[in-house]
Student: 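Pasting a structure below so you can have a look.
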2 protein chains.
Amino acid sequence: MRVLVVEDFEVLARTVGKGLRREGMAVDVVLDGADALDRLAVNRYDVVVLDRDLPGVHGDEVCRRIVAARSSSRVLMLTAASTVKQRVDGLGLGADDYLPKPFDFEELVARIRALARRPSSALPSVYEHADLTLDPARRVATRGGRRLELTPKEFGVLECLLAADGRPVSAEELLERVWDEAADPFTTVVKTTIRRLRGKLGTPDLIHTVREAGYRIGAL
Amino acid sequence: MRVLVVEDFEVLARTVGKGLRREGMAVDVVLDGADALDRLAVNRYDVVVLDRDLPGVHGDEVCRRIVAARSSSRVLMLTAASTVKQRVDGLGLGADDYLPKPFDFEELVARIRALARRPSSALPSVYEHADLTLDPARRVATRGGRRLELTPKEFGVLECLLAADGRPVSAEELLERVWDEAADPFTTVVKTTIRRLRGKLGTPDLIHTVREAGYRIGAL
DNA sequence: GGCGCGGTGACACCACGGTGACAGCCGCTG
DNA sequence: CAGCGGCTGTCACCGTGGTGTCACCGCGCC
């Protein structure tokens with residue numbers, strides 16, 4: 001599997017590159033957008049791991065080019081901006097997946113593998129779980145074909161749970177991802193939001209509570 | 001559509017800028033090459049209308065830079081030199097089109113529109129959504145066969161929403177695309193324009209509000 | 001039993017988006 | 001030139017639903 005890593009923070013770039021090679025991938029690393037485009041013109045990559053904030057040619061622009069060129073490469077966008085809003089922006093550009101920094105290396109590997117497995121091009125970047133679907137770009141979630149009327153926070157939480165794909169997500173992590181800024185550490189918003197989400201989903205135990213660890217999307 | 005006009009003859013520059021705005025484009029005007037490069041570093045333009053003979057940084061140089069930066073902007077070169085040879089020179093630098101002075105304003109508009117359409121040339125040149133149609137080139141929108149009398153801004157907003165194809169478009173994004181860059185960040189124009197648009201469309205919820213995320217054209 | 005964690009329902013706040021009125025600007029026309 | 005009308009943008013105001021807090025409850029565990 002061929003992977004191109006585009007990341008201007010050199011230390012991170014090299015670390016990621018080395019790690020992925022250890023996972024058996026053929027990895028090229030470049031440090032800016034212009035170089036990335038050069039490589040893309042010459043080589044065929046399965047997955048492009050793309051930092052959004054790049055000097056010179058911005059990551060968004062690189063992404064747009066890849067999509068415009070109808071390349072078969074999947075794009076995994078990395079970004080420091082983890083708010084739901086910015087996430088939507090990224091996917092709107094045509095990225096196939098999205099990973100907010102800081103990320104767990106294992107998760108990066110898993111997502112790259114998942115992307116590489118995807119049959120072909122413009123797969124809708126939509127989460128599916130049983131009869132539940134969530135489209136981050138369009139901000140639409142459905143259950144059994146019926147549209148769910150979710151508020152932004154509820155949507156964000158559900159998105160995180162689906163992205164975690166069965167792994168439990170702690171309240172702190174949810175706070176950090178969905179509520180961005182420094183939040184009151186004693187807040188109880190998360191549990192309240194989870195409760196409301198459960199209510200709207202109908203089946204309360206679709207979201208499973210893992211004691212001391214958080215919540216995970218359940219195998220029904 | 002965002003356009004940057006680079007022309008050192010101030011009267012001409014202002015006239016062209018004004019005219020293009022009347023055509024519904026978001027236009028920035030600068031009078032020399034250095035300013036042009038500054039703007040290009042910050043903003044994303046669909047088309048750059050570039051006079052070839054500029055004081056300071058020459059138009060050719062600006063063009064070369066744009067191409068070198070692999071910007072997505074298309075370059076329309078304006079010049080007093082109309083011989084075939086020089087024309088070839090211009091295109092050789094990477095310009096996408098070429099218009100000898102003096103030119104017909106209508107033709108300028110037509111060429112800009114053509115350039116803006118080019119990257120996604122395979123795309124249909126007219127948007128359709130349910131009983132709504134919008135033709136960007138001819139600036140005509142209809143609903144259920146009846147022509148809609150839209151102002152330029154309203155038209156621009158609707159065009160953006162249709163181009164986003166169901167994805168929500170934030171107020172900031174609309175501001176950037178439909179209005180020019182010097183936009184007051186606290187302005188409320190967008191919501192007012194949306195309101196007027198909704199009024200003219202008849203069905204207010206054809207444009208759906210997605211809280212915190214923007215507006216989307218919406219079935220569903 | 002007491003403690004800690006998570007679920008529950010109620011409540012209050014306020015930020016966001018909708019609304020209507022108005023004013024400046026500009027081009028057109030007489 | 002004055003007068004007019006259409007397009008834009010601003011502002012003040014309102015209603016509402018999204019959001020966060022709190023008190024309380026229920027349950028399982030040491």
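Naming convention: chains lettered A, B, ... in sequence-line order (proteins, then strands); numbering from 1 in each chain.
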Student: B/R198 near the nucleic acid: base, sugar-phosphate alone, or nothing, with a heavy-atom cut-off under 4.0 Å?
Tutor: sugar-phosphate
Student: Measuring only between side-chain heavy atoms, which start at C-beta, is B/L54 closer than 4.5 Å to B/D32?
Tutor: no
Student: Let me know, please, whether A/E212 or B/Y215 comes out on the 5' side of the other along DNA chain C by nearest nucleotide.
Tutor: A/E212
Student: Is there a side-chain contact between A/W179 and A/V157 in this structure, where contact means two heavy atoms from C-beta onward sitting under 4.5 Å apart?
Tutor: yes
Student: A/R139 has an atom CZ; how far is it from atom P of D/dG18, in whole Å?
Tutor: 13 Å
Student: Give, ordered by number, those residues of residues 146-155 of chain B having at least one heavy-atom distance below 4.0 Å to an atom of DNA chain D; if nothing qualifies, reply none.
Tutor: B/T151, B/P152, B/K153
Student: Is the shortest heavy-atom distance from the side chain of A/V6 to the side chain of A/V62 under 4.5 Å?
Tutor: no
Student: Starting from C1' on D/dG6, measure out to CZ on B/R21 and report it in whole angstrom.
Tutor: 19 Å
Student: If the cut-off is 4.0 Å, is A/W179 near the phosphate of D/dT19, judged by side-chain N/O to OP1 or OP2?
Tutor: no
Student: Under a 4.5 Å cut-off applied to non-hydrogen side-chain atoms, are B/I217 and B/L206 in contact?
Tutor: yes
Student: With side chains defined as the heavy atoms from C-beta onward, is the minimum distance between A/F155 and A/L158 less than 4.5 Å?
Tutor: no
Student: Going 5' to 3' on DNA chain C, which nucleotide is the first and which the last to come under 4.0 Å of a heavy atom in chain B?
Tutor: C/dC16 to C/dG27
Student: Give every residue pair that meets the side chain to side chain donor-acceptor pair (under 3.5 Å) criterion with at least one member in residues 188-201 of chain A, sequence neighbours excluded.
Tutor: A/E154-A/K200, A/R198-A/T209
Student: Starting from C1' on D/dT8, measure out to CG on B/L174 and report it in whole angstrom.
Tutor: 16 Å
Student: When you compare the side chain of A/E173 with that of A/C160, does any pair of heavy atoms fall below 4.5 Å?
Tutor: no
Student: Would you mind writing out the side-chain donor-acceptor pairs for residues 7-21 of chain B within the sub-3.5 Å range, not counting sequence neighbours?
Tutor:
residue: B/E7; atom: OE1; partner: B/K101; partner atom: NZ; Å: 3.2
residue: B/E7; atom: OE2; partner: B/F9; partner atom: N; Å: 2.9
residue: B/E10; atom: OE2; partner: B/R14; partner atom: NE; Å: 3.3
residue: B/E10; atom: OE2; partner: B/R14; partner atom: NH2; Å: 2.9
residue: B/T15; atom: OG1; partner: B/V11; partner atom: O; Å: 2.7
residue: B/R21; atom: NE; partner: B/D180; partner atom: OD2; Å: 2.9
residue: B/R21; atom: NH2; partner: B/V27; partner atom: O; Å: 3.0

Student: With sequence neighbours excluded, what pairs up with A/R216 under the side-chain contact (heavy atoms from CB on, under 4.5 Å) test?
Tutor: A/P168, A/H208, A/V210
Student: What protein N or O atoms touch nucleotides 21-27 of chain D N or O atoms at under 3.5 angstrom, if any, and at what distances?
Tutor:
residue: D/dT21; atom: OP2; partner: A/T187; partner atom: OG1; Å: 2.5

Student: Is there a donor-acceptor contact under 3.5 Å from the side chain of B/R139 to the main chain of B/E23?
Tutor: yes
Student: Grab the CZ-P distance between A/R195 and D/dG18 for me, whole Å please.
Tutor: 16 Å
Student: Please check this pair: side chain of B/S73 against backbone of B/Y45, looking for a donor-acceptor N/O pair closer than 3.5 Å.
Tutor: yes
